[in-house]
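All remarks here apply to the structure that follows.
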Amino acid sequence: MLQLPPPPMANKLLELPAELLREILHTLDPESFYMCLLTSKLFRSHALNSTSLLLDHLDRIPGPRNPRLRQNNNAEALMKVFGKRAAQHLTNGVSWMADTYVWRTSRRADRRASKITSSMADEEGSSLENAFVNDLGFLEVLSDEATINIYSLEPNKAKEHRPVLTHVISSHCLPEYFPVPGNLPVQYEIIKVAVFDAIYEVDTLPRVAVLYRAFWKDSPYTSDWMKVIVFRLDDDFGPMVADTFEVRAHSQPIAMAVSGEGSPVIVYRDFGAGFGHNVVIYRNVTDEITAETHTLEEDTETLGPGIQFPNERITGVTIHENKYAHLYPAAYPIPQWTIPRLQNLGERIERRDTYLPDVVEVFPKQSLGKVIAHHHHHRIKEKDLNDGEPTCVNTALELMISRDESFGLASRTGAFLLKAIHYPSTCKHFNPERDYHTLHHVFVACLAGLPDLHNLSTLGLRLAVSPRAHRIAIASWKTVKIWSMDPQAFLDPEYSLAGQEGVPGDYAFIEGCGWQFYRNMRFEKECVVLEPVELPSLGVVYGLEWRCEDELWGFGKGSERGRGFGVRFCLLGFC
């Protein structure tokens, strides 16, 4: 990027002939040109007097190649288009101009148990580009004190969002649910926390499930008692206990999620079975005769060497459609195993096929990675499709990270965007929560600048995708990188090609997908190469989440005596 000269040299630069100065502006990269427009009235005046200069730099930034744009002689309008595209694709000096807000968290916080939560919401007064935002919350877990501080992000008078303490789940209510004989001193500890929405309840209040352990010394009674207590977060009355589950300690709990019906699903690491894992779901049932409620548990077969390599650790679990669950490795947040049916946990856990073939053609495979966007092609008429009958076709954009290699077969490792093609039997849109058994995939882009996937920290990668999928953030230890993209460039041919004709018969838009939109970018193996922007480092990152397309929130541990921190990066784009 261009480094601005010191004042004496800057004065000499202004004395150059206008033709030579304009030629210099032509040779700059888009980011340097953008900064020149911000810092110098002279440079801005040159740009406003040369539509060719603006069009030249517009050609260097991704975007629809609209022929009418080149016929536009309005320099002000062209400069607005350039500024908008530069902000969208992060060629606006964001790596050192990002607005950073930092707040300090408690030194006693358990950062591995703490988390940022999000839910999609329509924010009143937001612009068209930023029509949807995430309602973010931060759960600060003080494990040794059995306390959870719950913060929500609320706008201040300047309409800037800041964390506000809204609820505190303390240990004062725990003696009621852990009755102890006599006056034995009891200590409580928080093991895991999960946030969920109860889909079968009348109210829509969020719920927090907390896995507690109670223990005491010098006692003839058991010293390891565990329970899951579900709290309903009421704005008027605060956290209220909604349900409790008796939990028998199998081994070390390492992950927890809660189904929509309110049943906790806990992953244990089984040290007695070759360091395998097993999954247990807990359900409360009421005896019809005594009307007493007790907890039933059902567990899976242990993940053994057959579907789990010795160095693999599970650190996450998610529940989808209230029917099945995904298990995640410690290295990166891409599902590696699946529990096919939560209603029948006696089945064996299945290992997912995450190997990516090194091909440029379409290849069949189950759902891969994380679906970040999708598009519906309505009632397409092509002679090679369904005998020429009008047929609907769905396409989806998947973010996939893989380091798996297949013996004897060429494979791709790294982070990729794949386009999945789905042929619904009726006019139905793609369901991003569903695990499709067979889709047709093709590589469309790869994410450059990723760390060595075989040499990651114990935290692995932390991944966050913005609400409209224009931003992908990945954190590795102290490094946070952001990739900018436009999902419609790979999904919608009318938008990507700006109304121009594509390849005849390419009804799913897989031939040269996104090439014209990203024609100024680098290509590898017929894939667009997306380059990242690195944000300033504040310490070790434990969690990330986007509030909107240009507002990234995170938390972690700083270098200042291990003090915890929360951070907001505003990227000066859509927001």
Side-chain angles (χ1 to χ4, degrees), residues 59-65 89-91 331-332 334 352-375 395-422 438-456 461 463 465 469-472 474 476 481-493 496-497 502-533:
D59 282 341
R60 300 174 186 176
I61 299 180
R65 305 302 169 183
H89 297 283
L90 301 182
T91 56
Y332 41 83
I334 298 298
R352 300 177 65 83
D353 182 5
T354 56
Y355 153 77
L356 296 177
D358 189 11
V359 297
V360 297
E361 299 85 10
V362 175
F363 61 92
K365 214 176 260 291
Q366 65 184 33
S367 295
L368 291 171
K370 178 182 178 64
V371 175
I372 61 175
H374 55 92
H375 185 75
T395 54
L397 202 60
E398 301 167 317
L399 172 60
M400 180 62 182
I401 303 175
S402 176
R403 63 181 183 185
D404 294 346
E405 299 181 7
S406 179
F407 296 104
L409 297 174
S411 58
R412 293 197 194 189
T413 59
F416 303 93
L417 295 178
L418 294 99
K419 187 171 185 177
I421 307 162
H422 172 240
T438 303
L439 295 172
H440 294 83
H441 306 265
V442 63
F443 291 97
V444 295
C446 65
L447 274 57
L450 215 63
D452 183 0
L453 295 180
H454 293 281
N455 189 27
L456 298 173
L461 301 180
L463 169 68
V465 180
H470 281 264
R471 305 280 188 261
I472 298 172
I474 297 179
S476 176
K481 293 184 178 181
I482 297 176
W483 288 260
S484 173
M485 55 168 289
D486 192 333
Q488 295 306 311
F490 301 105
L491 295 174
D492 187 354
S496 184
L497 301 175
V503 176
D506 183 20
Y507 54 84
F509 188 42
I510 59 174
E511 300 293 338
C513 173
W515 289 8
Q516 183 169 316
F517 191 94
Y518 286 98
R519 66 180 182 181
N520 59 299
M521 305 287 281
R522 184 164 56 93
F523 288 79
E524 286 184 5
K525 297 182 178 180
E526 301 189 11
C527 278
V528 178
V529 179
L530 301 176
E531 298 289 345
V533 171

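Note that the numbering runs from 1 along the sequence shown for the chain. Please read these numbers as outputs of a predicted model, since none were measured by experiment.
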Show the numbers, then the answer: is there a side chain to side chain contact (heavy atoms under 4.5 Å, CB included) between Phe490 and Val528?
CA-CA 10 Å; Phe490 301 105; Val528 178; 4.2 Å; yes
pair Ile474-Trp483: side-chain heavy atoms closer than 4.5 Å:
yes
Contact summary for Tyr355 and Glu405, nearest pair of heavy atoms:
CD1-C, 4.5 Å
Determine whether Ser367 and Leu439 make a side-chain contact, defined as any pair of heavy atoms from C-beta on separated by less than 4.5 Å.
yes
Do Val371 and Leu397 come within less than 4.5 Å of each other through their side chains, counting heavy atoms only?
no
Are any non-hydrogen side-chain atoms of Leu447 and Leu417 less than 4.5 angstrom apart?
yes
Atom pair CG (Asp353) and NZ (Lys365), whose distance is rounded to the nearest 0.5 Å
3.0 Å
Could you name each residue pair satisfying salt bridge (Lys or Arg N to Asp or Glu O under 4.0 Å) that touches residues 503-521, not counting sequence neighbours?
Asp59-Arg519
Listed pairs under 3.5 Å, donor-acceptor, residues 409-416 side chains, sequence neighbours left out:
from   : atom 1 : to     : atom 2 : distance (Å)
Arg412 : NE     : Asp358 : OD1    : 3.1
Arg412 : NH2    : Val359 : O      : 2.9

Correct closest heavy-atom pair for Ala469 and Pro487 would be O-CD, 3.6 Å
Between the main-chain N or O of Leu368 and the side-chain N or O of Glu398, is there a donor-acceptor pair closer than 3.5 Å?
yes
Please name the pair of heavy atoms, one in Gly514 and one in Ser496, separated by the smallest distance, quoted to 0.1 Å.
CA-OG, 4.1 Å
Of all heavy-atom pairs between Ala489 and Tyr518, which one has the smallest distance, and what is that distance?
CB-CE1, 3.8 Å
Answer yes or no: is there a side-chain heavy-atom contact under 4.5 Å between Cys446 and Lys525?
no
Straight-line distance of Leu497 CG to Cys513 SG, nearest 0.5 Å
9.0 Å
Tell me every residue that passes side chain to side chain contact (heavy atoms under 4.5 Å, CB included) with His374, counting only those two or more places apart in sequence or in another chain.
Ala396, Phe430, Pro432
Out of Leu530, Asn520, Thr91, Asp486, which residue meets the side chain to side chain contact (heavy atoms under 4.5 Å, CB included) rule with Pro62?
Asn520
Those residues at least two apart in sequence (or on a different chain) that pass side chain to side chain contact (heavy atoms under 4.5 Å, CB included) with Ala508 are Thr395, Ile421, Ile510
Would you say that His375 contacts Phe509 through its side chain, given a criterion of any heavy-atom pair below 4.5 Å between the two side chains?
no
Side-chain contact, heavy-atom cut-off 4.5 Å: His441 with Pro364?
no
Check whether any side-chain heavy atom of Met485 lies under 4.5 Å from a side-chain heavy atom of Ile372, and answer yes or no.
yes
Who passes side chain to side chain contact (heavy atoms under 4.5 Å, CB included) against Val533, sequence neighbours left out?
Leu90, Val94, Ser95
Residues Asp452 and Leu456: closest non-hydrogen pair is O-CD2, 3.4 Å
On a heavy-atom basis, which atom in Tyr332 and which in Ser402 lie closest, and how many Å separate them?
OH-CA, 4.2 Å
Can you sort out the partners of Thr354 under side chain to side chain contact (heavy atoms under 4.5 Å, CB included), two or more places apart, ordered by chain and number?
Gln336, Arg352, Met400, Asp404
